[in-house]
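The block underneath contains the structure these notes are about, expressed in structure tokens.
What you see is a predicted model, and the numbers here were worked out from it, not measured in a lab. Labels below follow one simple rule: chain letters A, B, ... track the order of the sequence lines, proteins then strands, and each chain is numbered from 1.
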Amino acid sequence: MATAVPTAALPTPARAGPAPPRAPLRADPRYLTQLHAALIKSGELTASPKSFHSLLEAAAASPTLLPYAVSLFRLGPRPPPSTPCYNVLMRAFLHAGHPEDALHLFVEMLGAASACPDQHTVACVLKSCSRMCALDVGRGVQAYAIKRGLMADRFVLSSLIHMYASCRDVSAARLLFDAVEENGVVMWNAIITAYLKNGYWMEVVEMFKGMLEVGLAFDEVTLVSVVTACGRIGDAKLGTWVAGYVDEKGLVRSRNLMTALIDMYAKCGELGKARRLFDGMQSRDVVAWSAMISGYTQADQCREALALFSEMQLAGVEPNNVTMVSVLSACAVLGALETGTWVHSYIRRKRLPLTIILGTALVDFYAKCGCIDEAVEAFESMPVKNSWTWTALIKGMATNGRGREALELFSSMRKASVEPTYVTFIGVLMACSHSCLVEEGRRHFDSMTQDYGIKPRAEHYGCIVDLLGRAGLVDEAYQFIRTMPIEPSTVIWRALLSSCAVHKNVEIGEEALKQIISLNSHHSGDYILMSNIYASVGQWKDAAMIRKEMKDRGIEKTPGCSLIELDGVVFEFFAEDSDHPQLREIYQKVEEMIDRIKMAGYIPNTADVRLEVDEHEKEVSVSHHSEKLAIAFGLMKLDPGATIRLSKNLRVCTDCHSATKLISKVYNREIVVRDWNRFHHFKDGTCSCNDYW
DNA sequence: CTAGGGTTAG
């Protein structure tokens, strides 16, 4: 304890008599220890239980002084602790995140002669039960409250409702609520948050509307719950009404409410409105920043999310574990390895709690950046894992082409008695399809229903179609679709169409495209695949016709786009990019690259290019694909030994795939490319996908 | 001495 304050600066030692002035009773260790000493010296501490209580209360007010408060409570000289003294210390335990200590103190209190639990005690104990999800203890405390006649207390009742809500027993909470004669806003808030916590968002909105109808008073807390629920169900209308009310009543200073509104707007897709509220806040705490960042991440505006994260750091607000979840998932989407790695080291340096959610985000981030070893390391460093965590790693293994290891992980997961979900099986089946493990795939698909009672969804059927189709069993894949118990979706037909492209199957390809068009959600990629199928078997006229059809229907080709990160900044390249400051150098580098790999045997594959131009133009066009520009940029900017990592929005085309293999050899570089559904690790002239993608 | 609220992964 610090005692470096000169004696002259001390408050005058209290003589026996009136209680010491309240002014110095701030939670400042210097004043407190000095005052404590003075009270002992004057004998006042033992003489006046009030002084003791004040001192204890002051110490308990600050979490850093909690050990001091405890020793004050435990060690003499002091009067026997009264009921309020117990209550103060219990609340301090709860506040400091030690609900179990609060419970222990309650038990001790039951046997103490100097104190007897009152309504304050019971409310606090119930809150501890909420925090610990201790339903049985909570019920016991309720029985105690009934015996002691404390059930009429509004604080006891609302704490009890919260306890049941936290323990996922909403109906018990509702029974209590209904049993109360005159419910005020506090009780309404209790039941509303009970619904909110358990995901009954419609009920939250309904109850609020009911309050409005009968003209009941509501407050800020009510509105926070209502707005949060609006965000979850996408009820922008009610949410906007609340925003208007907040504006009108001048509640803009309420940070929690503003944060809830930001979250609501973001979840309803109104990022601009969310940002305007955020910018208008007088003070933004870590939760407000986190809400805005997660808004951008969830809206798939990951670059904005990262930009806001760096603004947050400039503003001097320390991120917490929740912030980092959103930041990491933005990094995962962008393939921003440097930024994410920095986040990981920050987490370690600041010892942020590696919760299941944060750990899972970390595993997912590394896996989505193609760093599967680091993903495994992160996985192993986690103290507690759940089904999501295992699933993230299994999926990561699958997309990185390590199907066998993914399946081994799945069996370890089962050994660890972690229940797989339907998503886990998507990962398992993806592992099989990316690694061409046909028999295993069929087996797991059957076992999913038989052994785990999980009904296959469209995604699973899609995986099987993909698995069979890519393995060359295109007819069987087609038959599989025809006998499926669900209506085949575009996704499923699209999987079939891509395998037709791999195996040059015109007939089934045509059928698949027909089905996709009839379902009315065709992409440019579907037409391009079909056109490529025709081109690959020499049906040039049909290929041209499909392209024309696409044009006539006004379907724009999705521009290819590649991302590459450099010194923590994510650069974006488009095919035929004309918007980069170092364009000339980049195109020069591309030319040099193409010349060098041509000497190593590269032959440009121009079969898939628009047909109305001459051969040279086709070659140039292919050489300006976004990933070639990005790789050239990487070669220019990165250290000679550094791995080039990029991620792109479409699938890698055949030409870029063979070119990249040769680049990895000629330039002696590892290149990792993430396309829209898997990874390619290029090294020494070969690719981890074994040309099977 | 008293409640209740906002941000989070596959």
Side-chain angles (χ1 to χ4, degrees), chain A residues 53-54 56-57 60-61 82-92 94 118-124 126-127 130 153-163 165 184-194 196-197 219-229 231 254-264 266-267 284-295 297-298 319-329 332 353 355-365 367-368 382 385-396 398 420-427:
Chain A
H53 179 260
S54 301
L56 184 69
E57 195 183 7
S82 61
T83 302
C85 287
Y86 274 95
N87 292 348
V88 157
L89 194 58
M90 274 174 65
R91 242 194 315 278
L94 184 64
D118 61 3
Q119 65 274 28
H120 303 287
T121 323
V122 168
C124 185
L126 286 170
K127 249 170 277 171
S130 301
D153 187 84
R154 279 160 41 247
F155 294 96
V156 170
L157 269 170
S158 70
S159 306
L160 201 50
I161 291 177
H162 279 288
M163 189 277 292
V185 65
V186 172
M187 226 59 74
W188 278 87
N189 287 347
I191 191 67
I192 284 178
T193 54
L196 186 77
K197 270 188 200 157
D219 64 6
E220 249 177 75
V221 178
T222 327
L223 293 180
V224 169
S225 299
V226 171
V227 166
T228 309
S254 164
R255 210 159 49 181
N256 287 358
L257 189 47
M258 293 314 276
T259 305
L261 282 170
I262 288 168
D263 178 55
M264 181 276 297
K267 288 202 167 63
R284 307 175 192 97
D285 64 355
V286 58
V287 183
W289 283 96
S290 304
M292 196 61 232
I293 290 172
S294 92
T297 306
Q298 283 166 23
N320 64 14
N321 61 324
V322 179
T323 324
M324 290 317 202
V325 171
S326 298
V327 173
L328 278 173
S329 78
T355 58
I356 291 187
I357 296 178
L358 181 57
T360 303
L362 199 55
V363 169
D364 183 53
F365 154 73
K368 286 207 174 122
M382 287 173 63
K385 312 168 180 74
N386 66 7
S387 170
W388 291 56
T389 322
W390 285 90
T391 302
L393 192 58
I394 288 172
K395 276 194 150 183
T421 64
Y422 81 94
V423 187
T424 316
F425 277 99
I426 295 173

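- A:Arg255 CZ: more than 12 foreign heavy atoms inside a 6.0 Å radius.
- Side chains of A:Thr259 and A:Asn256: a donor-acceptor N/O pair is absent below 3.5 angstrom, by distance only.
- Scanning atom types as modelled, one donor and one acceptor separated by under 3.5 angstrom connect the side chain of A:Asp219 and the base of B:dG4.
- At least one side-chain nitrogen or oxygen of A:Ser294 sits closer than 4.0 Å to the OP1 or OP2 atom of B:dT8.
- The phosphate of B:dG6 has neither OP1 nor OP2 within less than 4.0 Å of any side-chain N or O from A:Lys267.
- At the phosphate of B:dG5, OP1 or OP2 sits under 4.0 Å from a side-chain N or O atom of A:Lys197.
- Within the 4.0 angstrom heavy-atom criterion, no nucleotide atom of any strand lies near A:Thr355.
- At B:dT8, one or more side-chain N or O atoms of A:Gln298 fall inside 4.0 Å of OP1 or OP2 (strictly under the cut-off).
- Residue-level contact check: A:Ser387 touches the bases, meaning some heavy atom is under 4.0 Å from a base atom.
- Per the geometry, CG belonging to A:Leu261 stands 12 Å off C1' belonging to B:dG5, to the nearest Å.
- In this structure, the nucleotide among B:dG5, B:dA9, B:dG10 sitting nearest to the side chain of A:Val325 is B:dA9.
- Nucleic acid contact for A:Ser225: none, since no nucleic acid atom lies under 4.0 Å from a heavy atom of the residue.
- As a whole-Å value, the separation of A:Gln119 CD from B:dC1 P is 12 Å.
- Between the side chains of A:Thr424 and A:Thr391, at least one donor-acceptor pair of N or O atoms lies under 3.5 Å.
- Looking at heavy-atom distances under 4.0 Å, A:Thr83 makes no contact with the nucleic acid at all.
- Nucleic acid contact for A:Thr228: sugar-phosphate only, since backbone atoms but no base atoms lie under 4.0 Å from a heavy atom of the residue.
- Side chains of A:Ser326 and A:Thr297: a donor-acceptor N/O pair is absent below 3.5 angstrom, by distance only.
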